[in-house]
Amino acid sequence: MELKLYKNKFFIENVLKMESTINTLKYGNIEIAVADRGAELRSYKVNGEEFMWDRNPEFWAASSPVLFPFVGTIKNGAYSFDGNKYEISTRHGFARTEGFELVEKTENSLKFRFSSNKETLEKYPFEFELFITYTIVGNTLEIGYNVVNKNDSDMYFSLGTHPAFALDVNDDIKLSDYYLEFEKNETSKKYKLNEKGFVLDEKADCLNNENKLYITENVFDDDAIIFDDLKSEKVTIKNSKNSKKLSVEYNGFPYIAFWSKPKAPFVCIEPWYGISDFEDCTGKLEDKKGILKLEKDKTFTAKLVIKGIL
């Protein structure tokens with residue numbers, strides 16, 4: 001009985017921790033909803049039409065987590081920096097499950113902040129501020145990311161985005177009717193991943209002078225499709241049955257990944273500054289593939305531009 005009560009208490013405490021205030025904003029024909037928890041975009045509507053994944057736990061109970069201060073998985077759940085060892089078992093860092101503070105709201109924007117604290121310093125030895133700002137501009141949604149180095153020395157980090165967009169599947173539209181269209185023809189290989197999600201130092205053929213990646217039931221059987229050499233900085237989700245589409249512009253991001261659960265009616269478009277650990281990595285933060293170094297008192301900025309069209 002005592003064990004059962006303990007488990008129930010543990011479950012309830014975690015459910016309460018996951019609860020979040022939802023902040024809504026409507027401007028023109030665009031309406032968004034953003035949760036305090038992770039400053040996660042929960043809804044993006046154009047003329048009342050939803051474009052975001054509904055977080056159905058049958059497939060994936062998230063909609064747009066921020067990946068910070070790491071992208072992907074840290075090998076063995078630990079890394080070293082400046083002679084010290086730090087443990088972090090969560091994938092994609094920790095900011096996505098933390099409470100952000102709404103620090104500014106205007107008629108067309110919401111600005112959130114998450115700052116380092118005692119708990120974060122135990123697993124990530126840097127003082128920082130992370131701002132995420134949602135701004136409605138015309139018929140587009142701009143998502144701005146700002147990382148502020150609050151240390152007296154360089155700061156190492158990665159930053160990634162992970163928005164999931166709904167794919168309307170019904171009697172008329174099948175999953176196989178959807179595809180990702182790049183702004184340019186691409187010839188590129190995708191990274192291979194091992195069973196633990198670590199990156200292998202080898203690639204597999206994927207795009208051959210083409211601008212479409214078709215979303216079949218099995219295209220994500222081997223996990224995410226990750227590129228590091230695309231010329232395109234814009235990709236659009238389309239289908240062959242109607243004119244509804246959604247584009248994401250991601251200027252400057254060195255990595256772009258696409259992911260979904262097999263047969264799930266959504267697709268994630270994930271521009272990254274950073275990547276999961278490689279299988280043969282040293283474990284030293286300074287050596288981590290794709291890691292960013294930010295000088296003291298400096299601010300790193302990045303931006304996504306999302307545009308839904310009916």
Side-chain angles (χ1 to χ4, degrees), residues 60 62 64-81 85-97 123-124 126 145 147 155-164 180 182 186-208 213 215-216 218-233 235 248 250-262 264 266-294 300 302 304:
W60 189 53
S64 186
V66 59
L67 316 183
F68 177 88
F70 302 116
V71 171
T73 303
I74 299 297
K75 187 177 179 181
N76 298 324
Y79 64 95
S80 65
F81 176 73
K85 181 180 178 180
Y86 299 89
E87 296 184 355
I88 179 167
S89 58
T90 54
R91 195 175 192 189
H92 294 318
F94 50 74
R96 62 196 175 101
T97 58
K123 50 193 172 185
Y124 178 66
F126 300 100
Y145 302 87
V147 179
M155 170 182 168
Y156 293 86
F157 71 97
S158 293
L159 175 75
T161 73
H162 204 307
L180 298 163
F182 301 99
E186 302 286 356
T187 298
S188 182
K189 295 183 178 183
K190 64 178 181 178
Y191 277 107
K192 288 186 177 181
L193 308 175
N194 70 11
E195 66 279 359
K196 295 182 179 180
F198 300 124
V199 186
L200 303 178
D201 197 19
E202 59 179 306
K203 295 181 177 181
D205 292 336
C206 189
L207 298 172
N208 183 19
L213 181 64
I215 304 174
T216 65
N218 303 109
V219 69
F220 299 112
D221 281 354
D222 297 325
D223 209 330
I225 297 173
I226 306 169
F227 300 107
D228 67 356
D229 58 357
L230 297 189
K231 302 184 294 294
S232 301
E233 293 188 312
V235 64
V248 177
Y250 48 93
N251 296 346
F253 286 83
Y255 300 94
I256 179 73
F258 306 97
W259 175 82
S260 184
K261 292 286 184 125
F266 72 88
V267 65
C268 293
I269 297 176
E270 306 179 40
W272 296 342
Y273 278 94
I275 193 170
S276 189
D277 271 353
F278 278 64
E279 191 176 46
D280 60 353
C281 70
T282 67
K284 294 182 178 180
L285 186 59
E286 308 96 305
D287 298 339
K288 182 173 169 58
K289 180 81 169 181
I291 200 74
L292 296 174
K293 182 172 74 171
L294 185 64
F300 171 85
L304 293 187

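What you see below is based on every heavy atom in this structure, not just the backbone, and it leaves out hydrogens, waters and symmetry mates.
Distance OG/S260 to CD1/I215: 8.0 Å, rounded to 0.5 Å. Once rounded to the nearest 0.5 Å, the distance linking CG of D201 with NZ of K289 reads 7.5 Å. Here CG of D222 is found 8.5 Å from CD1 of I225. Values are rounded to the nearest 0.5 Å. In this structure, CG on L213 lies 5.5 Å from SG on C206, to the nearest 0.5 angstrom. In this structure, CZ in F70 is found 5.5 Å from CD1 in I88, a value given to the nearest 0.5 Å. The distance from the CG atom of L292 to the CZ atom of F300 is 5.0 Å, given to the nearest 0.5 Å.
Proximity of a side-chain donor or acceptor of T161 to a complementary backbone N or O of P271 within less than 3.5 Å is detected. Judged by distance alone, with hydrogens and angles left aside, the side-chain atoms of E202 form no donor-acceptor pair with the main-chain N or O of K192 at under 3.5 Å. A side-chain donor-acceptor contact under 3.5 Å links R96 to the backbone of R91. Side chain of S276 to main chain of T73: a donor-acceptor pair is present (N/O by atom type, distance under 3.5 Å, no hydrogens or angles).
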Stepwise side-chain contact (heavy atoms from CB on, under 4.5 Å) test for Y145 and F68: CA-CA 11 Å; Y145 302 87; F68 177 88; over 6 Å; no

Apply side-chain contact (heavy atoms from CB on, under 4.5 Å) to residues L180 and I269 and explain how you reach the verdict. CA-CA 9 Å; L180 298 163; I269 297 176; 4.3 Å; yes

Evaluate the criterion side-chain contact (heavy atoms from CB on, under 4.5 Å) for residue pair L159 and L67; output intermediate values, then yes/no. CA-CA 5 Å; L159 175 75; L67 316 183; over 6 Å; no

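Between L207 and T187, the closest side-chain pair of non-hydrogen atoms is not below 4.5 Å. Inter-residue side-chain proximity for I74 and T90 is flagged as unmet; no heavy-atom pair is nearer than 4.5 Å.
Partners of F253 under the ring-ring contact (aromatic ring centres under 6.0 Å, His included) rule, at least two apart in sequence or in another chain, are Y273. Scanning for side chain to side chain contact (heavy atoms under 4.5 Å, CB included) contacts around S64 gives E40, L41, M52, P163, with sequence neighbours left out. Qualifying side chain to side chain contact (heavy atoms under 4.5 Å, CB included) partners for E195, counting only residues two or more places apart in sequence or in other chains: none. Legend: residues meeting ring-ring contact (aromatic ring centres under 6.0 Å, His included) with F182, ordered by chain and number and at least two apart, are F258. For P69, the side chain to side chain contact (heavy atoms under 4.5 Å, CB included) partners are F94, Y124, F157, not counting sequence neighbours.
In plain terms, the two heavy atoms of E286 and S80 that are nearest each other are OE1-O, 3.9 Å. Across all non-hydrogen atoms, the minimal contact from N76 to F198 is N-CZ, 4.2 Å. Considering every non-hydrogen atom in both L193 and A224, the closest pair reads CD1-O, 3.9 Å. Heavy-atom minimum distance, F266 versus K261: CZ-N, 3.9 Å. In plain terms, the two heavy atoms of G252 and E233 that are nearest each other are N-OE2, 2.9 Å. Across Y255 and G274, no two heavy atoms sit closer than the pair CD1-O, 3.4 Å.
Using a 4.0 Å cut-off between charged side-chain N and carboxylate O, E186 and K231 make a salt bridge. Of the charged side-chain nitrogens involved, at least one lies within less than 4.0 Å of a carboxylate oxygen, so that K203 and D228 count as a salt-bridged pair.
Centroid-to-centroid, the aromatic rings of H162 and W259 come within less than 6.0 Å.
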Under 3.5 Å, which donor-acceptor pairs do the side chains of residues 277-285 form with other protein atoms, sequence neighbours left out?
residue : atom : partner : partner atom : Å
D277    : OD1  : K288    : NZ           : 2.6
D277    : OD2  : K75     : N            : 2.8
E279    : OE2  : N194    : ND2          : 3.2
T282    : OG1  : K284    : N            : 3.2
T282    : OG1  : D287    : OD2          : 3.2

